[in-house]
Amino acid sequence: MSTWANLGLQDSASPLMEQLIFFHDHALLILVMITVLVGYLMFMLFFNYYVNRFLLHGQLIEMIWTILPAIILLFIALPSLRLLYLLDEINEPSVTLKSIGHQWYWSYEYSDFNNIEFDSYMIPTNELSTDGFRLLDVDNRIVLPMNSQNRILVAAADVIHSWTIPALGVKVDGTPGRLNQTNFFINRPGFFYGQCSEICGAN
């Protein structure tokens with residue numbers, strides 16, 4: 001879970017989130033290299049008093065600064081596409097959880113187990129225990145198995161919602177009249193918190 005002054009991403013709890021963190025670091029390294037190179041060139045330009053008499057036509061440099069960014073973009077695009085397909089791949093799930101977003105709460109259904117259904121409401125601030133987390137803790141938590149494929153089906157009853165758990169690398173939009181699905185593999189035990197990342201209302 002994120003705490004005060006966290007600059008990085010949360011510790012991952014699934015292989016997909018590990019891959020997302022690796023891709024983030026990869027893209028950030030490329031950005032730092034571009035920033036350093038451009039910064040160095042601009043700094044040297046300020047203290048350079050030489051005049052280039054061939055400045056008006058430089059086919060070679062124009063070819064270089066057209067091809068080089070295209071190659072750099074390929075180094076970002078190819079891992080990104082690989083990750084996009086990995087995130088969408090649905091393996092054989094052991095558990096399917098159906099999640100329906102309502103304004104102010106979520107409904108859950110374990111359709112594999114005698115259709116267990118329950119609602120999950122956020123605990124109001126004045127009813128929180130001393131070790132509870134404000135705007136994160138709920139009265140009925142969902143329980144999912146570790147070291148197995150979990151599938152979640154997400155829909156909404158009224159407005160657009162978003163089922164999000166950053167530590168698992170999961171963000172699925174719940175849209176009225178539409179059923180979205182994703183899967184994840186939890187590789188360590190723990191409590192994982194997430195918030196709806198759409199503009200759902202006051203709570």
Side-chain angles (χ1 to χ4, degrees), residues 1-3 9-23 82-203:
M1 189 177 104
S2 284
T3 52
L9 297 164
Q10 293 183 28
D11 292 339
S12 74
S14 74
L16 286 176
M17 189 58 196
E18 279 178 20
Q19 291 298 314
L20 284 165
I21 291 171
F22 291 152
F23 175 70
R82 176 186 158 271
L83 194 53
L84 201 61
Y85 280 101
L86 271 177
L87 287 167
D88 258 351
E89 190 176 327
I90 304 288
N91 298 313
E92 285 295 317
S94 350
V95 176
T96 298
L97 173 71
K98 186 174 180 189
S99 175
I100 302 162
H102 304 267
Q103 277 192 309
W104 329 133
Y105 70 100
W106 288 91
S107 299
Y108 293 106
E109 297 174 19
Y110 288 94
S111 47
D112 301 338
F113 305 103
N114 297 326
N115 286 336
I116 298 171
E117 296 180 23
F118 60 92
D119 294 335
S120 182
Y121 288 89
M122 197 185 299
I123 301 173
T125 307
N126 56 346
E127 294 175 21
L128 265 181
S129 59
T130 51
D131 58 346
F133 294 109
R134 186 178 160 273
L135 299 180
L136 288 174
D137 260 325
V138 291
D139 55 357
N140 291 318
R141 295 174 172 154
I142 59 167
V143 179
L144 291 168
M146 194 180 93
N147 293 330
S148 58
Q149 284 291 336
N150 301 295
R151 175 172 60 175
I152 179 158
L153 305 172
V154 182
D158 36 43
V159 296
I160 297 175
H161 297 279
S162 181
W163 201 87
T164 308
I165 298 185
L168 299 177
V170 177
K171 180 190 181 296
V172 192
D173 285 341
T175 312
R178 186 181 170 89
L179 194 66
N180 292 327
Q181 75 168 347
T182 191
N183 76 320
F184 49 89
F185 182 93
I186 304 171
N187 59 10
R188 66 180 171 90
F191 289 114
F192 304 114
Y193 293 97
Q195 284 183 313
C196 181
S197 54
E198 301 292 336
I199 304 167
C200 302
N203 291 332

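In what follows, residues are counted from 1 in the order of the sequence shown. On a predicted model such as this, the values are computed, not experimentally measured, just so you know.
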Where is the tightest heavy-atom contact between [X] and [Y], given as atom of each residue plus distance?
X: Phe192; Y: Ala167; value: CD2-CB, 3.9 Å
X: Ile186; Y: Leu144; value: CD1-CB, 4.1 Å
X: His102; Y: Ser107; value: NE2-OG, 2.8 Å
X: Val143; Y: Tyr110; value: O-OH, 2.7 Å
X: Thr182; Y: Val172; value: CG2-CG2, 3.2 Å
X: Pro166; Y: Gly194; value: CD-CA, 4.1 Å

Is the count of non-hydrogen atoms from other residues, nucleotides or ligands lying under 6.0 Å from Arg178 atom CZ greater than 12?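 Open.
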Is it true that, when you exclude Asn147 itself, more than 12 heavy atoms of the residues, nucleotides or ligands shown sit nearer than 6.0 Å to its CG? yes
First locate atom [atom1] of [X], then atom [atom2] of [Y], and finally report the distance between them rounded to the nearest 0.5 Å.
X: Asp137; Y: Glu127; atom1: CG; atom2: CD; answer: 12.5 Å
X: Leu135; Y: Tyr193; atom1: CG; atom2: OH; answer: 12.5 Å
X: Ile123; Y: Arg134; atom1: CD1; atom2: CZ; answer: 13.0 Å
X: Leu20; Y: Ser12; atom1: CG; atom2: OG; answer: 9.5 Å
X: Ile21; Y: Leu9; atom1: CD1; atom2: CG; answer: 5.5 Å
X: Asn187; Y: Met17; atom1: CG; atom2: CE; answer: 12.0 Å

Residues two or more places apart in sequence or in another chain: which of them pass side chain to side chain donor-acceptor pair (under 3.5 Å) with Thr96?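 If we apply the side chain to side chain donor-acceptor pair (under 3.5 Å) test to Thr96, skipping adjacent residues, the hits are Arg151.
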Looking at residues at least two apart in the chain, or sitting in another chain, which of them share a side chain to side chain donor-acceptor pair (under 3.5 Å) with Gln181?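 Here no residue qualifies.
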Any side-chain heavy atom of [X] sitting closer than 4.5 Å to one from [Y]?
X: Asp11; Y: Arg188; answer: yes
X: Leu16; Y: Leu86; answer: yes
X: Asn180; Y: Thr175; answer: yes
X: Asn150; Y: Pro145; answer: yes
X: Pro189; Y: Met146; answer: yes

Checking side-chain polar atoms at under 3.5 Å, does Gln103 have a donor or acceptor matched by the opposite partner on Asp158? no
Quick one about Ser129 and Asp131 (side-chain donor to acceptor, distance below 3.5 Å, no hydrogens or angles considered), yes or no? yes
Do NZ/NE/NH1/NH2 and the carboxylate oxygens of Lys171 and Asp173 come within less than 4.0 Å?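 Between Asp173 and Lys171 there is a salt bridge, with a charged N closer than 4.0 Å to a carboxylate O.
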Angle class for the Phe118/Tyr108 ring planes (parallel below 30°, perpendicular above 60°, tilted otherwise)?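 Phe118 and Tyr108: tilted rings.
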Aromatic plane relationship, Phe184 with Trp163 - under 30° parallel, 30 to 60° tilted, over 60° perpendicular: parallel
Stepwise side chain to side chain contact (heavy atoms under 4.5 Å, CB included) check, Ile100 with Glu109: CA-CA 9 Å; Ile100 302 162; Glu109 297 174 19; 3.7 Å; yes
Check the pair Arg141 / Phe191 against side chain to side chain contact (heavy atoms under 4.5 Å, CB included), numbers first and verdict last. CA-CA 9 Å; Arg141 295 174 172 154; Phe191 289 114; 3.1 Å; yes
Assess whether side-chain hydrogen bond (donor to acceptor under 3.5 Å, both in side chains) is satisfied between Asn140 and Ser120, documenting all intermediate values. CA-CA 5 Å; Asn140 291 318; Ser120 182; over 6 Å; no
If you apply the rule side chain to side chain contact (heavy atoms under 4.5 Å, CB included), what do you find for Asp119 with Tyr121, and how did you get there? CA-CA 6 Å; Asp119 294 335; Tyr121 288 89; 3.7 Å; yes
Passes side chain to side chain contact (heavy atoms under 4.5 Å, CB included), Lys98 versus Leu179? Steps please. CA-CA 9 Å; Lys98 186 174 180 189; Leu179 194 66; 4.2 Å; yes
